[in-house]
Amino acid sequence: QVQLVESGGGLVQAGGSLTLSCAASGFTFSNYNMGWFRQAPKKEREFVAGIMRSGATTRFSDSVKGRFTISRDNAKNTVYLQMNSLKPEDTAVYYCAASNALVIRTTPASYAYWGQGTQVTVSS
């Protein structure tokens, strides 16, 4: 069955870095765009970053642009989110998701498969 398993979350001080990984199985990973979303308590799930099938094109939300990097390794069926210069407002549960749309979508409804999420907490 389809599985997306995130890892790499944790507690970090403001200004620090974390790298999240998402291992995919049960579908043809290279045929899907991949996205990272996050959800803070009492807030809606929001788009963070996305990457096209080939990895050639990426997209970021304004709030993380210049601080976060997304990449993928299709041979390993894994997508990564490198997070630098972390801020307390980055604290959230981070989810990876897969979409077969033709472009990178920013709405959760465009993504068919989801992981269970990993907690990222940034202390001030």
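These numbers come from the heavy atoms of this one structure, side chains and all, not from hydrogens, waters or symmetry mates.
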- Query: When clusters are formed by joining ILVMFWY residues with side-chain heavy atoms under 4.5 Å apart, either directly or through shared neighbours, do I104 and V64 land in the same one?
  - Reply: no
- Message: If hydrophobic clusters are built from ILVMFWY residues whose side chains come within less than 4.5 Å, do Y113 and V79 share one?
- Response: yes
- side-chain contact (heavy atoms from CB on, under 4.5 Å) with Y80: which of D73, I51, I70? D73
Hey, does [Y] have a side-chain heavy atom less than 4.5 Å from the side chain of [X]?
{"X": "M83", "Y": "V120", "result": "yes"}
{"X": "W36", "Y": "F68", "result": "no"}
{"X": "Q39", "Y": "E46", "result": "no"}
{"X": "M34", "Y": "R53", "result": "no"}

Calculate, to the nearest 0.5 Å, the distance between atoms [atom1] and [atom2] belonging to [X] and [Y] respectively.
{"X": "R67", "Y": "S85", "atom1": "CZ", "atom2": "OG", "result": "7.0 Å"}
{"X": "L86", "Y": "T91", "atom1": "CG", "atom2": "OG1", "result": "8.5 Å"}
{"X": "Q119", "Y": "R38", "atom1": "CD", "atom2": "CZ", "result": "12.0 Å"}
{"X": "N33", "Y": "R105", "atom1": "CG", "atom2": "CZ", "result": "9.5 Å"}

Quick one: closest heavy-atom pair of [X] and [Y], and the distance?
{"X": "S124", "Y": "A14", "value": "CA-CB, 4.3 Å"}
{"X": "A101", "Y": "S99", "value": "N-OG, 3.1 Å"}
{"X": "L81", "Y": "A49", "value": "CD1-CB, 4.0 Å"}

- Query: What orientation do W114 and Y95 show, parallel under 30°, tilted 30 to 60°, or perpendicular over 60°?
  - Reply: perpendicular
- Parallel, tilted or perpendicular: which describes the rings of F47 and F37, with under 30° parallel and over 60° perpendicular? perpendicular
Does [Y] offer a backbone N or O that forms a donor-acceptor pair with the side chain of [X] under 3.5 Å?
{"X": "R59", "Y": "T106", "answer": "no"}
{"X": "T78", "Y": "K76", "answer": "yes"}
{"X": "E6", "Y": "G117", "answer": "yes"}

- Message: Could you walk me through whether T58 and M52 satisfy the side chain to side chain contact (heavy atoms under 4.5 Å, CB included) test, starting with their C-alpha distance in whole Å, then the side-chain angles of each, then the deciding distance to 0.1 Å, before giving a yes or no?
- Response: CA-CA 6 Å; T58 59; M52 289 288 287; over 6 Å; no
- Message: Looking at D90 and K87, is any side-chain nitrogen of the basic one under 4.0 Å from a carboxylate oxygen of the acidic one?
- Response: no
Taking only distance into account, with no hydrogens and no angle test, what donor-acceptor pairs under 3.5 Å do side-chain atoms of residues 15-31 form with protein atoms, sequence neighbours excluded?
residue, atom, partner, partner atom, Å
S17, OG, N84, OD1, 2.9
T19, OG1, Q82, OE1, 2.3

